[in-house]
*Asks:* 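Got a structure for you, written out below as structure tokens; questions coming shortly.
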Number of protein chains: 2
Amino acid sequence: MSELPRAERRRRTERRILDAARELFAERGFERTTIRAVAQAAGVDPALVMQYFGSKQELFSAAVRVAPAPVAGLGPEELVEQVLASLGMKLGELPQASLAMMRSMLTHPDAAASARATLSGQIAQIGASMSGEDARLRAALMTTIMLGVTVGHQLLELDELRDVPPEEIARLLRPCLRALTGPDVP
Amino acid sequence: MSELPRAERRRRTERRILDAARELFAERGFERTTIRAVAQAAGVDPALVMQYFGSKQELFSAAVRVAPAPVAGLGPEELVEQVLASLGMKLGELPQASLAMMRSMLTHPDAAASARATLSGQIAQIGASMSGEDARLRAALMTTIMLGVTVGHQLLELDELRDVPPEEIARLLRPCLRALTGPDVP
DNA sequence: GCGTTGAGTCAACGAGCGTAGAGCGAAAAG
DNA sequence: CTTTTCGCTCTACGCTCGTTGACTCAACGC
């Protein structure tokens, strides 16, 4: 039917499966997403998904594998703006891999481990850009604050946050985060 | 074996089932918790759980049914303290019913609806205690902030937040919430 | 051309799940 | 003591899931 070379055809199919998996994992989470549903969304036989990824768990790992956005920090000012920018991105088009990971992080052990690693990395980066005794703790709070806002907006889709422009949220959140960066500028 | 009256025996068994259900739902979420596991933890036959609660869904509803702590607000000062106190409770002995609801809110549709209702109620209460144009939005951000910190601490159990006394977290979070209450005192 | 490789399908297995109904034995009612 | 009630168990059904191995057929190397 199609006259594509085998390697290209293979890559495209694999990508279709991964895209479908990301979308379904982000929408329903790990447990409620079935291999059969992913295969159907990708227009493929369920056995092929297994053949390519080995198991549902490995499919999930491959689907949520994404490069975490680095927070190269300088002063507190830029730090807050960068964190807020990551929220702006999150409120806009947060990559579906991240949504998939967040959706499952409370119920799927591997997603929880992945989320912990990602968040700890972000906390370490933010903490390194701050000074003060409890910089690490303040960085952790900044991160969990962003996590909560993102969860409430993107996953729970709270009415009070829906249809609110990201800049408005960022504007209100800015002094809130400033209160955590500490008084001193490194 | 036991010589308890029937009504009392029934009530105790039902309570044992509900306690086991709450613990397992809080620990593993809705989908990973099986009726069989709840029954075993309660020392009871799985069919009895069905007989008492009708379905797994109704068992979950009964398990997470809990009176939401009211936030009777006055001025911004008391408001912040009250929200932080609710966090203090949350970081201490947050009722397992709430943990069960939070654990499942991202993957189980009914838990999501329940969480939305609870959070919206809290947002409305906080918003009613504040003045200003976007009081509702600021209340929503306060609520999601607390949600994020609670999730990161209680459910994800981030290393950076573990072993941190609640007062320390409350101390750092206080100016953060103050920045959202707005300048005016009603 | 021709055998080989590999993408993709088909049918099915085994396990675990939520759930239903019959039955048992002790407490309550008479 | 007899009958009824009901807390509780046992067994099993039906379904869906992840996963597997045999198969088909078009693309590839020679």
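To find a chain, count down the sequence lines: A is the first, B the second, and so on, and within it residues start at 1. Only this structure's heavy atoms are used, side chains among them; waters, hydrogens and symmetry mates stay out.
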*Asks:* If you look only at pairs with a residue in residues 13-22 of chain B, which of them pass as a side-chain hydrogen bond (donor to acceptor under 3.5 Å, both in side chains), with sequence neighbours excluded?
*Replies:*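 Passing the test, one end in residues 13-22 of chain B: B:R10-B:E14, B:D19-B:R22.
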*Asks:* Do you see a donor-acceptor pair shorter than 3.5 Å between the side chains of A:Q57 and A:S61?
*Replies:*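 Per modelled atom types, A:Q57 and A:S61 side chains form a pair under 3.5 Å.
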*Asks:* Please list residues of residues 19-41 of chain B whose heavy atoms come under 4.0 Å from any atom in DNA chain D, ordered by number; otherwise none.
*Replies:*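 Per residue number, the list reads B:R36.
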*Asks:* For A:V44 and B:D45, find the nucleotide of DNA chain C closest to each by heavy atoms; which residue's nucleotide sits nearer the 5' end?
*Replies:*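 On the 5' side of the pair lies A:V44.
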*Asks:* Answer yes or no: is there a donor N or O on one side and an acceptor on the other, between the side chain of A:T143 and the main chain of A:L119, under 3.5 Å?
*Replies:*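 Between the backbone of A:L119 and the side chain of A:T143 there is no qualifying donor-acceptor contact (under 3.5 Å).
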*Asks:* Between protein and nucleic acid, restricted to nucleotides 2-7 of chain C and to nitrogen or oxygen atoms under 3.5 Å apart, what atom pairs and distances do you find?
*Replies:*
from: C:dT5; atom 1: O2; to: A:R6; atom 2: NH1; distance (Å): 3.2
from: C:dT5; atom 1: O2; to: A:R6; atom 2: NH2; distance (Å): 2.8
from: C:dA7; atom 1: OP2; to: A:R10; atom 2: NH1; distance (Å): 3.2

*Asks:* When you compare the side chain of A:T107 with that of B:L106, does any pair of heavy atoms fall below 4.5 Å?
*Replies:*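 Side chain of B:L106 against side chain of A:T107, heavy atoms only: no contact under 4.5 Å found.
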*Asks:* Above 12 or not: heavy atoms from other molecules or residues under 6.0 Å from CD of B:E168?
*Replies:*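 Yes, enclosed.
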*Asks:* When you measure from every atom of DNA chain C, which of residues 53-61 of chain B have a heavy atom less than 4.0 Å away?
*Replies:*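 The answer is B:S55, B:K56.
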*Asks:* Restricting to salt bridge (charged side-chain N to carboxylate O under 4.0 Å, His left out), what partner residues turn up for A:R32, sequence neighbours left out?
*Replies:*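 For A:R32, the residues satisfying salt bridge (charged side-chain N to carboxylate O under 4.0 Å, His left out) (neighbours in sequence not counted) are B:E31.
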*Asks:* What pairs with B:T118 under side-chain hydrogen bond (donor to acceptor under 3.5 Å, both in side chains), at least two apart in sequence or on another chain?
*Replies:*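 B:T118: no side-chain hydrogen bond (donor to acceptor under 3.5 Å, both in side chains) contacts found.
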*Asks:* Is the backbone of A:A117 close enough, under 3.5 Å, to the side chain of A:S120 for a donor and an acceptor to pair up by distance?
*Replies:*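 Not a single qualifying donor-acceptor pair exists.
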*Asks:* Please check if the side chain of A:R138 supplies one atom and the backbone of A:S131 the other of a donor-acceptor pair under 3.5 Å.
*Replies:*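 Yes, A:R138 side chain to A:S131 backbone: donor-acceptor pair under 3.5 Å.
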*Asks:* Can you tell whether the side chains of A:E8 and A:R12 come within less than 4.0 Å, N to carboxylate O?
*Replies:*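 A:R12 and A:E8: salt-bridged.
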*Asks:* Can you tell me the distance, in whole Å, between the CZ atom of A:R11 and the C1' atom of C:dG8?
*Replies:*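 One finds 18 Å between C1' of C:dG8 and CZ of A:R11, rounded.
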